[in-house]
Amino acid sequence: MKEQVSALLRKALQELMAKGAIPGCDLESLSVSVPSRKEFGDFSTNIAMVLASQTKRRPREIAEIIQESMAGLHDVFDRVEIAGPGFINFSVTPKMWVRVLHTILEEKERFGTSGFGKGKKVQVEFVSANPTGPLHVGHGRGAAVGDTLARVLRAAGFEVESEYYINDVGNQMNILGLSVFCRYRELFGQETPFPENGYKGEYIRDIARKLIDLRGEELLALPKDEAIALCRKFAAEIILDGIREDLELFNVHFDHWFSESTLYRDHKVEHTMDFLKDRDLSYEADGALWFRTTRFGDEKDRVLRKQDGSLTYFAPDIAYHKDKLERGFRKIIDIWGADHHGYVPRMKAAIEAMGADRDCFHALLIQLVSLVREGQPVSMSTRSGEFVTLREIIEEVGKDVCRYFFMMRRSDAQLVFDLDLAKKRSDENPVYYIQYAHARICSILRNASELGHVPDVSRLEEDALTTGDDLDLIKMIAGYPDLVVSCAADLEPHRISFYLLELATAFHRFYNRNRVISDDSRLTMARLILVVAVKQVLANALGLMGISAPESM
RNA sequence: GCGCCUGUAGCUCAGUUGGAUAGAGCAACGGACUUCUAAUCCGUAGGCCAGAGGUUCGAAUCCUCUCAGGCGCGCCA
């Protein structure tokens with residue numbers, strides 16, 4: 001609808017400009033918005049004020065010219081008014097609004113999708129936790145945000161690939177192997193000093209036990225290095241399988257799992273190092289190899305190869321992102337913990353060094369999640385192995401609640417996860433509130449069906465819905481496609497959760513003040529179609545968040 | 001010391017990227033079930049948008065400074 005209004009306005013402006021009645025300007029920046037107050041109509045534009053400020057003419061004078069040129073569109077607008085300093089406000093006719101219902105019922109689960117992204121290839125990489133332990137709540141937030149964003153971008157017409165980067169190379173993997181080996185030996189009564197920086201969680205013992213089930217005491221006889229390597233491989237596989245299961249349980253699916261080790265296997269790290277060297281973007285100093293990131297706006301150069309000859313984490317990461325570029329992604333989105341924010345400038349530098357536009361890379365930073373139970377913070381620390389896993393939370397409060405709660409805040413704001421609230425089945429819990437709206441509609445439809453009322457769009461009469469309550473609801477769902485676009489454009493998927501809450505509120509209000517099924521068969525049909533449309537939008541938006549839309553509760 | 005993020009109602013937070021009289025939810029208070037699911041609704045109250053300057057027709061939003069909190073500033077990952 002907004003698009004239609006925008007198009008009509010654009011057409012009117014073009015004609016006026018051609019006649020020289022108003023100053024010219026590029027129509028790209030034309031902004032049509034939904035005003036904050038109902039009295040200001042359905043849509044509003046500030047174009048007259050923008051044009052006026054460019055030419056020192058009075059805004060209202062220009063507004064009047066535009067108003068006049070659009071006054072004839074009676075089938076679309078009830079009113080075109082000038083208000084305030086020079087806003088032009090449009091009120092769309094009820095008939096036009098009712099037509100939106102046709103669109104929704106025809107498009108069904110496709111309603112809200114658009115061609116905004118124009119098929120541009122975009123990659124969203126998220127979670128990417130090291131396979132050294134189970135996913136914890138922090139990873140859960142990244143998973144919820146990343147998966148929702150991927151779905152949102154897809155709906156907005158981007159060609160999206162979601163990816164999990166497996167850090168299966170490097171020191172932390174050796175420590176993992178060593179940690180498991182120590183527990184393994186302990187289980188045979190061979191006391192072994194546990195590494196200072198080892199993984200202390202109980203899951204390490206579980207893995208050691210599984211290893212014993214499979215291989216018995218075989219490893220004790222092997223050379224230590226070999227035994228540790230075996231432990232490492234075994235542990236990584238088990239942990240990664242666990243991560244996959246947890247994500248599946250969380251309704252998060254990846255299109256692609258990318259293993260860091262393949263970068264070495266395929267010599268991509270090596271080639272990247274050569275690439276930088278050939279362009280004089282790296283140099284030797286103090287026995288190390290440095291990348292000239294300062295050429296691309298970083299505050300200091302960064303080490304690629306350490307004095308001891310081993311690579312930093314950064315080196316394969318550059319190769320990884322080079323690979324992303326080579327795979328043809330025009331927009332690369334990485335979702336990281338906020339504690340990695342210092343890493344953004346050097347990654348942008350790397351992107352630019354590889355000849356791409358630095359703005360095609362986006363790092364979405366996810367802030368900390370803290371858990372609260374009975375008003376008390378739940379203590380967590382990864383180091384000591386005392387952390388609450390994602391799986392525990394899902395099992396305690398349910399997948400749907402969990403996904404919603406992680407999306408209740410902007411991703412760069414800290415999140416307090418209230419476990420007691422999450423389990424409450426009342427109006428305080430937004431998830432049940434929203435799902436209840438969906439279930440209620442399903443119930444109405446069941447009752448209607450028993451009475452022989454079957455929603456049929458072809459029998460929808462355009463003047464059957466006239467009350468403010470009916471139209472408010474239509475306007476709300478009509479705005480859904482714009483919401484999806486704005487979430488995709490700004491990479492802010494959390495807005496979906498707020499929209500859902502507002503839509504559910506609008507529906508519950510409607511329900512309490514109006515009857516869908518009544519003696520008036522014309523109105524009954526129209527309202528049935530209206531609630532089917534609301535149900536569809538609720539389901540579509542919940543779907544973007546990976547949350548179920550129950551038929552009954 | 002330098003850099004990034006945050007500061008909006010008693011609490012938790014939105015605010016569509018500069019628009020009109022700043023909005024929700026919870027908590028508080030008062031109401032609504034003979035009615036399609038009360039896991040619901042309606043009403044009341046609640047504000048120096050941390051503070052001070054600046055930019056302009058117009059600022060919670062942009063710029064500068066100050067204050068408060070969080071996080072970074074590894075040849076860790």
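Just so it is clear: chains get the letters A, B, ... in the order the sequence lines come, proteins before strands, and each one is counted from 1.
Look at Ser486(A) and you won't find any side-chain N or O under 4.0 angstrom from OP1 or OP2 of U16(B). Under 4.0 angstrom from either OP1 or OP2 of U37(B) there lies no side-chain N or O belonging to Arg446(A). Note on Arg513(A): every side-chain N or O is 4.0 Å or more away from OP1 and OP2 of U40(B). Residue Arg410(A) places at least one side-chain N or O closer than 4.0 Å to OP1 or OP2 of G15(B). OP1 or OP2 of C76(B) lies within a sub-4.0 Å distance of a side-chain N or O belonging to Lys306(A). Here Arg509(A) reaches the OP1 or OP2 of C42(B): one of its side-chain N or O atoms lies under 4.0 Å away. Within the structure, every side-chain polar atom (N or O) of Lys348(A) is placed at least 4.0 Å from both OP1 and OP2 of C4(B). Phosphate contact (OP1/OP2 of A38(B), side-chain N/O of Tyr511(A), threshold under 4.0 Å): present.
When each of U12(B), U6(B), G15(B) is scored by its nearest atom to the side-chain atoms of His494(A), the top-ranked nucleotide is G15(B). When each of A77(B), C71(B), C36(B) is scored by its nearest atom to the side-chain atoms of His341(A), the top-ranked nucleotide is C71(B). Nearest nucleotide to the side chain of Gln307(A), out of C41(B), C75(B), U37(B): C75(B). Each of U37(B), C36(B), U21(B) was ranked by its minimum atom distance to the side chain of Val516(A); first place goes to C36(B). Distances were taken from every side-chain heavy atom of Phe87(A) (C-beta onward) to each of A20(B), U37(B), A14(B); the shortest belongs to A20(B). Here the side chain of Lys300(A) is nearest to one of C36(B), C73(B), U16(B), namely C73(B).
Annotation: Lys233(A), atom NZ; neighbour count of heavy atoms from other residues, nucleotides and ligands within 6.0 Å does not exceed 12. Annotation for Lys423(A): atom NZ counts as buried by contact number, over 12 foreign heavy atoms lying within 6.0 Å.
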Open item on the list: Run the side-chain hydrogen bond (donor to acceptor under 3.5 Å, both in side chains) test on Gln435(A) and Tyr404(A) for me, step by step, so that the C-alpha distance in whole Å, both residues' side-chain angles and the decisive distance to 0.1 Å come before the verdict.
Closed with: CA-CA 11 Å; Gln435(A) 290 182 322; Tyr404(A) 190 89; over 6 Å; no
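A salt bridge (charged side-chain N to carboxylate O under 4.0 Å, His left out) with Lys475(A) holds for exactly one of Asp482(A), Asp42(A), Asp470(A); it is Asp42(A).
Taking atom C1' on both nucleotides, A59(B) is separated from G19(B) by 10 Å, rounded to a whole Å. A9(B) and A50(B) have their P atoms separated by 8 Å, given to the nearest Å. With both ends at atom C1', the span from C67(B) to A20(B) equals 32 Å, rounded to whole Å. Across C76(B) and U16(B), the matching P atoms stand 42 Å from one another, rounded to whole Å. Here the separation of C36(B) from G31(B), taken at their P atoms, is 24 Å to the nearest Å. Across G18(B) and C63(B), the matching P atoms stand 10 Å from one another, rounded to whole Å. U64(B) and G70(B) have their C1' atoms separated by 23 Å, given to the nearest Å. Taking the C1' atom of each, U61(B) and G7(B) are spaced 14 Å apart, rounded to whole Å.
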For residues 502-513 of chain A, tabulate all N or O donor-acceptor pairs below 3.5 Å that involve a side-chain atom, not counting sequence neighbours.
residue	atom	partner	partner atom	Å
Thr505(A)	OG1	Tyr433(A)	OH	3.2
Thr505(A)	OG1	Leu501(A)	O	2.7
His508(A)	ND1	Arg440(A)	NH1	3.1
His508(A)	NE2	Tyr433(A)	O	3.1
Asn512(A)	ND2	His508(A)	O	3.0
Arg513(A)	NE	Asp469(A)	OD2	3.2
Arg513(A)	NH2	Asp469(A)	OD1	2.8

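Aromatic stacking of Tyr433(A) on A39(B): not satisfied for centres closer than 5.5 Å together with planes under 30 degrees. Judged by ring centres under 5.5 Å apart and planes tilted less than 30 degrees, Phe40(A) stacks against the six-membered base ring of A20(B).
To the nearest angstrom, P of U12(B) lies 18 Å from OH of Tyr404(A). The distance from atom CZ of Arg515(A) to atom P of U40(B) is 20 Å, rounded to the nearest whole Å. The distance between atom CZ of Phe498(A) and atom P of U16(B), rounded to the nearest whole Å, is 12 Å. Between the P atom of U16(B) and the CG atom of Asp490(A) lies a distance of 9 Å, rounded to the nearest Å. Atom OH of Tyr343(A) and atom P of C76(B) are 12 Å apart (whole Å).
Among the heavy atoms of the strands lying under 4.0 Å from Asn89(A) is at least one base atom, whether or not backbone atoms are also near. Residue contacts for Gln414(A): at a heavy-atom cut-off of 4.0 Å it reaches the sugar-phosphate backbone alone, with no base atom in range. Heavy atoms of Ala83(A) sit under 4.0 angstrom from at least one base atom. Within the nucleic acid shown, Asn130(A) comes within 4.0 Å of sugar-phosphate atoms alone, with no base atom in reach, counting heavy atoms only. Residue Asn46(A) is in base contact, counting any heavy-atom pair closer than 4.0 Å across all strands shown. Heavy atoms of Asn514(A) sit under 4.0 angstrom from at least one base atom. As judged by a 4.0 angstrom heavy-atom cut-off over every strand, Arg305(A) is placed among residues making no nucleic acid contact. Base contact: His340(A) has a heavy atom under 4.0 Å from a base atom. Within 4.0 Å (heavy atoms only), Ser310(A) reaches no atom of the nucleic acid at all. Here Gln172(A) lies in heavy-atom contact (under 4.0 Å) with sugar-phosphate atoms only. Heavy atoms of Ser44(A) sit under 4.0 angstrom from at least one base atom. No engagement by Ala448(A) is indicated, since no non-hydrogen atom pair under 4.0 Å with the nucleic acid exists.
A glycosidic torsion no more than 90° from 0 defines the syn conformation; U16(B) lies beyond that range and is anti. Glycosidic conformation at C33(B) (O4'-C1'-N9-C4 for purines, O4'-C1'-N1-C2 for pyrimidines): syn, within 90° of 0.
Judged by distance alone with a 3.5 Å cut-off, no donor-acceptor contact links the side chain of His508(A) to the base of C41(B). One N or O donor and one acceptor, one from the side chain of Arg37(A) and one from the base of U21(B), sit under 3.5 Å apart.
For the pair Gln367(A) and Lys2(A), both in contact range of RNA chain B, the more 5′-proximal nearest nucleotide belongs to Gln367(A). For Asn447(A) and Phe43(A), each mapped to the nucleotide of RNA chain B holding its nearest heavy atom, the one lying further toward the 5' end belongs to Phe43(A).
By the 4.5 Å heavy-atom criterion applied to side chains, Ile239(A) and Leu176(A) are counted as neighbours.
Rounding to the nearest 0.5 Å gives a distance of 11.5 Å between CD1 of Ile444(A) and NZ of Lys535(A).
Inspection of the Tyr165(A) and Asp334(A) side chains reveals no N or O donor paired with an N or O acceptor under 3.5 Å. For Asp520(A) and Ser518(A), the side-chain atoms include no donor-acceptor pair closer than 3.5 Å. Using modelled atom types, one finds no donor on one side chain facing an acceptor on the other under 3.5 Å when comparing Ser33(A) with Ser44(A).
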